[in-house]
Amino acid sequence: MGIAERKNREKEQRRNTILDAAEKVIFTSGFESSTMDEVAEAAELSKGTIYLYFKSKEDLYMGIFLRGQSLLHKFFLDAYNENIDKKGIDQIMAIGNAYFDYMHEYRDYCDTVLHFGAKKHEDDLHGHLKNEGMEKAAYIHNIMFRAIENGMKDGSIRNDLDPTALVLLLEGQSTGMFQFLINFGDKMSDVFGISPQTLKSEHMKFIKYALTPKEKNDS
């Protein structure tokens, strides 16, 4: 291994050490209450060293966000590949279920995405982090786009819809539903007389009905 390669590997290891520490601090205390001093202490590094890798707390948060996006991309890609021989509507349903599985399994990353998306950080982020975030979002959306196009070609998804708009609508609806499920949690049965699992199932059925060509729904 050459000197340059070893230095790059050491730099990446140090960056991951900082992100690991930042996750522990932010996931425990929340973004607003966490400080760079706490991250430095958790990473057992000086605050100056932290700033060599991340110029602000927003940069650190974006680093955590990108980790979550990488995991989400894997969930979507696995769901798509496992259903590659099925119709497009089945691929979209599998991706939708994978999204709920991801949000349930990686709640902290989901909270990061939701919190980060609700705030404007553009002026506080390094350009390469913003670009990487846009690239990862594009990769995730492309998987959904392919499934929708497959469905339009095989007749399992309506072809009078705009695929790009549909990707964003499905993501927004599912994210909103997950927030609703989290907000009410175990109280949902008492308040509404319906379990969270049943509501999630009905949500997926509604999505499938909305995407399926009218003549197939009527048959």
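Just so you know, residue 1 is the first one in the sequence shown, and it goes up from there. What you see is a predicted model; the values in this text were computed from it and never measured.
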Look at the side chain of [X] and the backbone N and O of [Y], then say whether any donor-acceptor pair between them is shorter than 3.5 Å.
| X | Y | value |
| --- | --- | --- |
| T198 | I194 | no |
| Y209 | M204 | no |
| E38 | T35 | yes |
| S156 | I89 | yes |

Fill in: The single option from D85, N150, N83 passing side-chain hydrogen bond (donor to acceptor under 3.5 Å, both in side chains) against Q91
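The side-chain hydrogen bond (donor to acceptor under 3.5 Å, both in side chains) with Q91 is passed solely by N150 among D85, N150, N83.
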
Discussion item. Are more than 12 heavy atoms, taken from residues, nucleotides or ligands other than F206, located less than 6.0 Å from that residue's CZ atom?
Written reply: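 Result for CZ/F206: open.
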
Worksheet item: Is the CZ atom of R146 crowded by more than 12 outside heavy atoms at less than 6.0 Å?
Response: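 Yes, because the 6.0 Å sphere around CZ of R146 holds more than 12 heavy atoms from other groups.
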
[X] with [Y]: basic N within carboxylate O range, under 4.0 Å:
| X | Y | value |
| --- | --- | --- |
| K74 | D78 | yes |
| R67 | E23 | yes |
| K205 | E202 | yes |

Item to complete: Mind telling me whether F180 and F192 have parallel, tilted or perpendicular rings, with 30° and 60° as the class edges?
Response: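 F192 and F180: tilted rings.
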
State, without any angle test, whether [X] and [Y] hold a side-chain donor-acceptor pair at a distance under 3.5 Å.
| X | Y | answer |
| --- | --- | --- |
| H141 | E171 | yes |
| S34 | K57 | no |
| S46 | T49 | yes |

Worksheet item: Given F178 and H104, is the ring pair (Phe, Tyr, Trp, His ring centres under 6.0 Å) satisfied, shown in steps?
Response: CA-CA 9 Å; F178 180 76; H104 178 75; 8.0 Å; no

Worksheet item: Mind checking whether Y109 and F27 have ring centres under 6.0 Å apart?
Response: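 Yes.
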
Item to complete: Determine, using ring centers only, whether Y99 and F76 are less than 6.0 Å apart.
Response: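 Yes.
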
Fill in: Distance-minimising heavy-atom pair for D111 and Y61
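Result for this residue pair: O-OH, 4.1 Å.
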
Fill in: Nearest heavy atoms of Y102 and C110, plus distance in Å
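Shortest heavy-atom separation between Y102 and C110 comes out as CE2-SG, 3.7 Å.
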
Item to complete: Could you tell me whether the side chain of F54 reaches within less than 4.5 Å of the side chain of R15, counting heavy atoms only?
Response: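 Contact flag for R15/F54 side chains = yes.
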
